[in-house]
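Here the structure is a predicted model, which means the values were calculated and not measured.
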Amino acid sequence: MSLPYRYYDVRRVTGEVTQIDVDNGRVEQAGSSFFDKAVIRVLGEKGWGILSVSGEEAEFETLPESFIQEAYAASQVTNIHIPIQETPSHLHVVPAMKENPADVSLDEKVTILLDMYKATNGQDIVSRRINYIEKDETVSFSDCLGHAYTYHLCRCGFSVLAVASRAGIVQMGYERDHTISGLNIRHRQDLAREATERAQKLLDAKPAKGGVMRVVLDPELAGVFAHEAVGHASEGDLVKEGSSILKGKINEQIGSTLLTIVDDPSLPQFGFCPVDDEGTETKRTEIIKNGILSAYLHSKETLASVGDGVAGHCRGMPGVEPIVRMSNTFIENGDSTYDEIISECRSGILLKGSRGGQVDPGRGMFQFNAEYGFLIENGECTTMVRDVSLSGEILQTLHTISLIGNDLALHPGYCGKGGQTVPVTDGAPHLLLDNAVVGGCEID
């Protein structure tokens, strides 16, 4: 091929998605759909040309030259020079599954979910919903440098939502579990009961009182903080655009010396990437090491443009251009026990679970809603509270971490960015924050 391109790659993803929705005892949806998509990227004299086609059209051995020409032609309209950096390519082995969901019929999966649904029954419960999703895909990749790989990966999981209502008060309990280790819906009634009992208990919980106080974050909410407040701000594309509070702060002390935050796509958790979506080897990246900003997360392009970090963090949905994304993001264990953290807090609040929130990586501000909490009085957890949140300035909050637990726990989920949603995991041990800003229904 005589086109003066500097680089090209082709990524094809083919597979099957199975979804089951049980809504108040009715099976609203149960079925599978197939997909087969490919995206071709060509880097011309200046920038990228992108072409999305059906996967069948993009067989590597017979990839039509016209596709490369078409993507190359699109690259000719770009007018900003984009450098890329060559990176090592290596495929990690995909762990074996304990039970392949493909070996279990749709009817049996529905039966298992309906059994789980029975565990969500209870006093004051007015709405119940269970969702199951299974995505089985084969990913093939090749580039003009001779790198090529194919792997198969199945992700599946479920969520349970129970809504309770009494005297005009409405509360909900939510649990989920997603994995790459195989079918995970058998004998999970315990998780359904937890969601139900929490919704019931929250009806009697007191509205939280806001203010500046000592706060203990549980592993789920602390993991959301690591992902949303630090992870996104460390993504190389946001740093390049000037939309990150972390720009220009490599090697600066930006948080407690106790704090180390990692993104590791090679870890066999829900955000596992055997190789990233532009063929780069994936490996552990320490974003913050002992409170010092150590690395950004990169694609080939942002590594060449920004530097100070590691490539292997580029991901995309099937048929879509990959962008810089997190995978498995977590805070490393410290050496404090849970009891030591609650005792040291003395007076404050324990925040548990997550109901979402929002972050502005450019301005460095965040606000997360906890699912619920407990007051901490005289070094002990006491009254359950609801309608509580945590907010503040990212860098200031990183310095308020005074103790880190030794009980790291990971939680799977999905992350949206740039119109694309990818599976991720985040987590942390319990954290103690001094002078944190808590939002509630009343302010002292």
Side-chain angles (χ1 to χ4, degrees), residues 212-236 238-239 243-265 267 283-298 306-310 313 324 326-338 340-342 344-345 348 351 357 359-368 390-410 425-438:
V212 177
M213 63 187 76
R214 280 189 154 184
V215 172
V216 177
L217 303 184
D218 84 333
E220 183 173 355
L221 189 57
V224 171
F225 173 73
H227 175 104
E228 297 288 355
V230 176
H232 278 302
S234 71
E235 291 170 338
L238 297 185
V239 175
S243 301
S244 169
I245 193 71
L246 299 183
K247 183 177 183 179
K249 295 188 182 300
I250 288 290
N251 296 324
E252 286 189 20
Q253 188 82 38
I254 63 167
S256 164
T257 57
L258 302 173
L259 181 66
T260 294
I261 298 182
V262 174
D263 187 84
D264 188 354
L267 198 66
K283 59 184 180 181
R284 172 187 169 98
T285 302
E286 291 181 342
I287 301 169
I288 296 176
K289 175 70 171 177
N290 297 330
I292 297 173
L293 181 64
S294 301
Y296 300 126
L297 307 179
H298 283 309
V306 178
D308 295 321
V310 179
H313 301 277
V324 181
M326 284 173 279
S327 53
N328 303 305
T329 312
F330 56 92
I331 296 174
E332 286 274 37
N333 267 330
D335 56 10
S336 298
T337 67
Y338 169 77
E340 288 170 344
I341 288 174
I342 297 298
E344 179 63 24
C345 180
L351 302 183
V359 63
D360 182 342
R363 295 174 57 233
M365 306 300 294
F366 71 89
Q367 188 270 326
F368 304 131
L390 177 74
S391 61
E393 198 272 322
I394 294 172
L395 296 180
Q396 183 182 33
T397 303
L398 292 176
H399 284 286
T400 69
I401 299 173
S402 57
L403 285 180
I404 296 181
N406 58 6
D407 52 358
L408 168 65
L410 300 173
T425 298
D426 54 52
H430 281 86
L431 305 182
L432 175 60
L433 278 57
D434 296 326
N435 301 315
V437 179
V438 173

query: Please walk me through it: do L431 and L433 pass side-chain contact (heavy atoms from CB on, under 4.5 Å)?
result: CA-CA 6 Å; L431 305 182; L433 278 57; 3.8 Å; yes

task: Output the distance between atom CG (L432) and atom CD1 (I341), rounded to the nearest 0.5 Å.
output: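 Taking CG in L432 and CD1 in I341, the distance rounds to 6.5 Å.
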
- prompt: When rounded to the nearest 0.5 angstrom, what distance separates SG in C345 from CE in M213?
  reply: 9.5 Å

- request: Flag the pair L395 / K249 as yes when at least one side-chain heavy-atom distance between them is below 4.5 Å, and no otherwise.
  value: yes

statement: Closest non-hydrogen contact found for G364 with I245 is CA-CB, 4.0 Å

message: Show, in sequence, the C-alpha distance, side-chain angles and deciding distance for V262 and I287, and conclude whether the side-chain contact (heavy atoms from CB on, under 4.5 Å) test is met.
response: CA-CA 6 Å; V262 174; I287 301 169; over 6 Å; no

- prompt: Which heavy atom in E344 sits nearest to a heavy atom in R214, and how many Å separate them?
  reply: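 Closest pair (atom of E344, atom of R214, distance): O-NH1, 2.5 Å.
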
message: Ignoring hydrogens, what is the shortest heavy-atom contact between I292 and Q253? Give both atom names and the distance.
response: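 Shortest heavy-atom separation between I292 and Q253 comes out as CG1-OE1, 3.3 Å.
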
Gap between atom CD1 of I342 and atom OG of S336 - 0.5 Å precision: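 With rounding to 0.5 Å, OG (S336) is 11.5 Å from CD1 (I342).
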
message: So, taking the atom named CG in L217 and the one named CD1 in I331, what distance separates them when rounded to the nearest 0.5 Å?
response: 8.0 Å

With a cut-off of 3.5 Å and sequence neighbours excluded, list every side-chain donor-acceptor pair involving residues 220-231.
residue: E220; atom: OE2; partner: R176; partner atom: NH1; Å: 3.3
residue: H227; atom: NE2; partner: H232; partner atom: NE2; Å: 3.4

query: Considering only heavy atoms from C-beta outward, does the side chain of T260 approach that of I404 to under 4.5 Å?
result: no

task: Can you sort out the partners of Q367 under side chain to side chain donor-acceptor pair (under 3.5 Å), two or more places apart, ordered by chain and number?
output: N369

- prompt: Can you find a heavy atom in the side chain of L398 that is under 4.5 Å from one in the side chain of I288?
  reply: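 Yes, at least one pair of side-chain atoms sits under 4.5 Å.
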
- request: Return the minimal non-hydrogen interatomic distance between S234 and L246, and the atom names on each side.
  value: N-CD1, 4.0 Å

task: Only one of T285, I250, V310, L238 passes side chain to side chain contact (heavy atoms under 4.5 Å, CB included) with Y296; say which it is.
output: I250

statement: For F330 and L267 the tightest heavy-atom approach is CE2-CD2, 4.0 Å

Of all pairs that satisfy side-chain hydrogen bond (donor to acceptor under 3.5 Å, both in side chains), the ones with a partner from residues 393-406, not counting sequence neighbours: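 Residue pairs passing side-chain hydrogen bond (donor to acceptor under 3.5 Å, both in side chains), neighbours aside: S402-D434.
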
- prompt: Taking only residues two or more places apart in sequence or in another chain, which ones pass side chain to side chain donor-acceptor pair (under 3.5 Å) with D263?
  reply: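 Partners of D263 by the side chain to side chain donor-acceptor pair (under 3.5 Å) criterion, ordered by chain and then number, come out as H313, S327, T329.
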
message: Let's go through D218 and H430 carefully: what are the C-alpha distance in whole Å and the side-chain angles of both, what is the deciding distance for side-chain contact (heavy atoms from CB on, under 4.5 Å) to 0.1 Å, and is it a yes or a no?
response: CA-CA 5 Å; D218 84 333; H430 281 86; 3.8 Å; yes

query: Closest heavy-atom contact between A436 and L390?
result: CB-CD1, 3.9 Å

- prompt: For the side chain of E332 and the backbone of G334, is there at least one donor-acceptor N/O pair under 3.5 Å apart?
  reply: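 Not confirmed, E332 side chain does not pair with G334 backbone.
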
task: Report the residues that fulfil side chain to side chain donor-acceptor pair (under 3.5 Å) with N328, sequence neighbours left out, ordered by chain and then residue number.
output: T425

message: Applying side-chain contact (heavy atoms from CB on, under 4.5 Å) to F368 and L351, what does each step give before you reach the verdict?
response: CA-CA 10 Å; F368 304 131; L351 302 183; over 6 Å; no

Any donor-acceptor N/O pair, D360 side chain to M365 backbone, under 3.5 Å: no

Backbone of V324 reached by a side-chain donor or acceptor of H298 within 3.5 Å: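 It does not hold such a pair.
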
query: Among pairs that include at least one residue of residues 285-295, which meet salt bridge (Lys or Arg N to Asp or Glu O under 4.0 Å), considering only residues two or more places apart or in two chains?
result: R284-E286, E286-K289

